[in-house]
Structure formats: structure tokens, C-alpha cells
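Residue numbers start at 1 and run along the sequence shown.
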Amino acid sequence: MSVLVCVPVYNGFESTQRCLHALAVASVSAPFRTLIINDASPDDRVAPMLDAHALAHADTQTRHNAVNRGFTWNVNQAFAAARTDEPICLLNSDALVTSGWLDEMLACIERDATVGTVTPFSNNATICSFPDFSRAWPVPDVAEGERIARTLRETPADPIDLPTGVGFCMLISAACRLKVGSFDLENFPRGYGEENDFCMRAGAADFRNVLCPNAYVAHEGGVSFSESTQALMKVGAERLLAKHPTYDAEVSAWIARDPARDRREQLALKLRP
């Protein structure tokens, strides 16, 4: 099964370089093609870097927006570009994949047709974070990231249900995408709540949102948020709750149960020197 990996890019020259390098060198068996969408990055180094990457790697396409459209619009372009039977993986341009990442995530939807979205473990992915979700943890170096990924693969476990996936790296099955539809551009034009809304809609359509306990993808994440970003996050949260009044309660209940705790503790024990 081939996968369309969508990487929306806005500036972040160095982090995007690291993301694309990891995507190119991480060992996976699953075939995939990559769609990179440059959302009118004002950093003039970005466009030629992306074009050079696409030229050097087969099955990679770069699109350059003439004006800034926002994350949600870009994701919907990937939805439109995907083949009917093709899962989509949304990958932030500051995410760092590891060996086996896509194989393990894809296995979740291949083994269970009710799985709609899949999120891997990460250092910085809210409820999918390791060693715990109390805060964002530092990005491990390449060797440590690979050691974590290898340990997860060598001790496989079943997917863990989530109230919502986490959009830094989220695989969406073709069946889920076709039934649930695109991201809500009207309510979340700049992002900030769009993947949570999609996952709630997926759940309402009888699809599962799951944590893949056998894959690891590091995430650099934002160091700080500007006032404008904080305002967008606030609006996004308000609109999310307006559409899905039970969202906060469902997430809080999941956190209280913490069904991923045993898996995290198992991994921490195996990673001890």
C-alpha cells in the first residue's frame, strides 16, 4: 500500500532540511511519495532548497503557493492530490522520522479497517509523548531516536485508542478520509484545532484514533508562541468546543486513565543503560 506523505512548509529552513533528510534516509519498506507544499515562505533560501530536494529524490513533488494559505488549506490540497485508495500522512516540517516509522503506522490501518488516524510516540506530541506527557521533552540525538524506535519495534504492542490524533505526524486511512471529508477550512483557516476536529468527526463516523505503540517520530516543536499565535490558538479552541462540546472532557478522561502508561514504562525500563 502506497502512502502520500504531505509536508507543509513555511520558513524554518534548518528544521525543514533536517526533516527532509530524515525522511530520505530513514529505513522503511512501505512505498510512499512525498508532496511538499511551500506556503509562500518569505525566506528566499527555502524554495530552491525544496526544489533541489525534489530533484534529488524520486516520487517527490514540490508546490509553491503564490500567497500564504495556511496549514488547513495546504492539507486539503494533499487530500485532493491523494489517490482514492491512498492513505495520507501529515508530517510537520520540524518532525524527524526514524527507521520503520511508516511501516509500523501503516500496519495499524492494514490490520484493522476501523482505524482512521494513527499517531506515533514522540518526545513532543502532547498525549503521545514519551517519557510522559507532562511537558515537551528535548529532541533526542539521531542515535538515541533510532534506539527508541528499534526498542519499540522489537517489543510490539497493540494500538492504543486516543480521543484525538496529534497533527505533527498523523496517518489518515483512505477509508476515513473519503468518509469524513477534508479539514474544516471555514472554522480553522490557519490551523489550531483542525486535526482535533477531524479526529472527532472520524470518531463520530465510527473510526478509531490510535497511538501506534511501535513507532517513534521526534518533533522539534515551537520554542515559544507569539501573541498572534496565542490568539489563534484561543480562537481555535473555542471553535473546537463549539463544534464538539465533549472534546475537553474526553481528553481529560483519557489523561486520567492514561492507557499508554504501561507501554511508556515498559519502554523506559528497556532503555535503561
- Task: Check for a donor-acceptor pair, side chain of Arg153 on one end and backbone N or O of Ser99 on the other, with a separation under 3.5 Å.
- Result: yes
- With a 4.5 Å limit on heavy-atom distance, are the side chains of Asp184 and Thr72 in contact? no
- Item | Sidechain-backbone polar pair: Asn11 side chain, Asp43 backbone, donor-acceptor under 3.5 Å | yes
- Query: Would Lys234 and Glu238 count as a salt bridge (charged side-chain N to carboxylate O under 4.0 Å, His left out) if you check the C-alpha gap in whole Å, the side-chain angles of each, and the deciding distance to 0.1 Å?
  - Reply: CA-CA 6 Å; Lys234 181 176 184 294; Glu238 291 170 350; 2.6 Å; yes
- Task: With side chain to side chain contact (heavy atoms under 4.5 Å, CB included) as the test, would you mind laying out the steps for Thr62 and His53 before giving the verdict?
- Result: CA-CA 9 Å; Thr62 298; His53 179 86; over 6 Å; no
- For His21, does the NE2 atom have more than 12 heavy-atom neighbours from other residues, nucleotides or ligands under 6.0 Å away? no
- Task: With sequence neighbours left out, write down each residue that passes ring-ring contact (aromatic ring centres under 6.0 Å, His included) with His244, or none if nothing qualifies.
- Result: none
- Kindly indicate whether the side chain of Arg33, heavy atoms from C-beta on, has any atom under 4.5 Å from the side chain of Arg83. yes
- Message: Quick check: closest heavy atoms across Lys179 and Ala205, and the distance to 0.1 Å?
- Response: NZ-O, 3.4 Å
- Are Met105 and Pro120 side-chain neighbours, meaning at least one heavy-atom pair lies under 4.5 Å? yes
- Task: Please round to the nearest 0.5 Å and tell me the distance separating atom SG of Cys6 and atom CD1 of Ile172.
- Result: 9.5 Å
- Note on the structure: Tightest non-hydrogen contact, residues Val118 and Cys108, listed as CG2-CB, 3.9 Å
- Around Arg135, counting heavy atoms of other residues, nucleotides and ligands shown, do more than 12 lie under 6.0 Å from its CZ? yes
- Run the side chain to side chain contact (heavy atoms under 4.5 Å, CB included) check on Leu267 and Leu152 step by step: do they pass? CA-CA 7 Å; Leu267 176 59; Leu152 289 172; 3.7 Å; yes
- Query: Just how far is it from atom CG of Asn65 to atom CG of Asn38, taken to the nearest 0.5 Å?
  - Reply: 7.0 Å
- Item | For Phe207, all residues meeting ring-ring contact (aromatic ring centres under 6.0 Å, His included), sequence neighbours excluded | none
- Where is the tightest heavy-atom contact between Ala78 and Leu35, given as atom of each residue plus distance? CA-CD2, 4.0 Å
- Query: Looking at the rings of Phe79 and Phe183, which for Trp means the six-membered one, are their centres under 6.0 Å apart?
  - Reply: yes
- With a 4.5 Å limit on heavy-atom distance, are the side chains of Pro189 and Trp73 in contact? no
- With side chains defined as the heavy atoms from C-beta onward, is the minimum distance between Val28 and Trp101 less than 4.5 Å? yes
- Message: Can you tell me how far apart OG1 (Thr16) and CG (Leu23) are? Round to the nearest 0.5 Å.
- Response: 12.0 Å
- Message: Assigning hydrophobic clusters by single linkage (Ile, Leu, Val, Met, Phe, Trp, Tyr; side-chain heavy-atom cutoff under 4.5 Å), is Val139 placed with Leu271?
- Response: no
- Please walk me through it: do Thr117 and Phe198 pass side chain to side chain contact (heavy atoms under 4.5 Å, CB included)? CA-CA 9 Å; Thr117 76; Phe198 181 88; 4.1 Å; yes
- Query: Hey, does the side chain of Arg177 reach the backbone of Glu86 with a donor-acceptor pair shorter than 3.5 angstrom?
  - Reply: yes
- Ion pair Glu194/Arg239, N-O distance below 4.0 Å: no
- Message: Quick check: is Val210 connected to Val217 through a chain of hydrophobic side chains (ILVMFWY, heavy atoms under 4.5 Å apart)?
- Response: yes
- Item | Heavy-atom closest pair, residues Gly203 and Asn209 | N-ND2, 4.4 Å
- Task: Starting from the C-alpha separation in whole Å, work towards a yes-or-no answer on salt bridge (charged side-chain N to carboxylate O under 4.0 Å, His left out) for Asp39 and Arg69.
- Result: CA-CA 6 Å; Asp39 200 13; Arg69 297 284 192 171; over 6 Å; no
- Message: Using side-chain heavy atoms (C-beta onward) and a distance below 4.5 Å, is Pro159 in contact with Val115?
- Response: no
- Contact list for residues 162-176, test side-chain hydrogen bond (donor to acceptor under 3.5 Å, both in side chains), sequence neighbours left out: Thr164-Asn196
- Query: Should Leu20 and Tyr10 be counted in the same cluster of Ile, Leu, Val, Met, Phe, Trp and Tyr side chains packed under 4.5 Å apart?
  - Reply: no
- Message: Measuring only between side-chain heavy atoms, which start at C-beta, is Val97 closer than 4.5 Å to Leu102?
- Response: no
- Is a side-chain donor or acceptor of Asp197 paired with a backbone partner of Leu240 at a separation under 3.5 angstrom? no
- Task: Indicate if Ile127 and Met170 have the same hydrophobic cluster label, given that clusters are the connected sets of ILVMFWY residues with side-chain heavy-atom separations under 4.5 angstrom.
- Result: no
- Message: Looking at Asp94 and Glu220, would you say the former's side chain and the latter's main chain have a donor-acceptor pair under 3.5 Å?
- Response: no
- Is there a side-chain contact between Phe168 and Cys128, using heavy atoms and a 4.5 Å cut-off? no
- Message: Test your reading of the model: is there a side-chain donor-acceptor pair from Ser129 to the backbone of Thr126, 3.5 Å cut-off?
- Response: yes
- Looking at NE2 of His57 and OG1 of Thr34, how far apart are the two atoms once the value is rounded to the nearest 0.5 Å? 9.0 Å
- Task: Would you kindly confirm whether Met233 and Phe71 end up in one hydrophobic cluster when ILVMFWY residues are joined by side chain heavy atoms under 4.5 Å apart?
- Result: no
- Item | Closest approach of Pro87 to Leu106 (non-hydrogen atoms, all atoms of both residues) | CG-CD1, 4.1 Å
- Task: Apply the test side chain to side chain contact (heavy atoms under 4.5 Å, CB included) to residues Thr98 and Ile148: give CA-CA distance (whole Å), side-chain angles for both, the deciding distance (0.1 Å), then the verdict.
- Result: CA-CA 9 Å; Thr98 59; Ile148 295 171; over 6 Å; no
- Note on the structure: The reported gap from OG in Ser41 to CG in Leu50 (rounded to nearest 0.5 angstrom) is 7.0 Å
- Work out which heavy atom in Gly165 is nearest to a heavy atom in Cys199; give both atom names and the distance. N-SG, 3.2 Å
- Which value, rounded to the nearest 0.5 Å, describes the distance between Arg263 atom CZ and Ile160 atom CD1? 7.5 Å
- For the side chain of Asn74 and the backbone of Pro8, is there at least one donor-acceptor N/O pair under 3.5 Å apart? no
- Query: Taking His219 for the side chain and Asn124 for the main chain, is one N or O donor matched with an acceptor at less than 3.5 Å?
  - Reply: yes
- Message: Given 3.5 Å as the limit, does a donor-acceptor pair link the side chain of Arg63 with the main chain of Ile37, or not?
- Response: no
- Fit a plane to each ring of Trp254 and Phe133, take the angle between them on a 0 to 90° scale, and name the class: parallel (under 30°), tilted (30 to 60°) or perpendicular (over 60°). tilted
- Query: Checking Trp137 side chain against Asp132 main chain: does a donor-acceptor pair fall under 3.5 Å?
  - Reply: yes
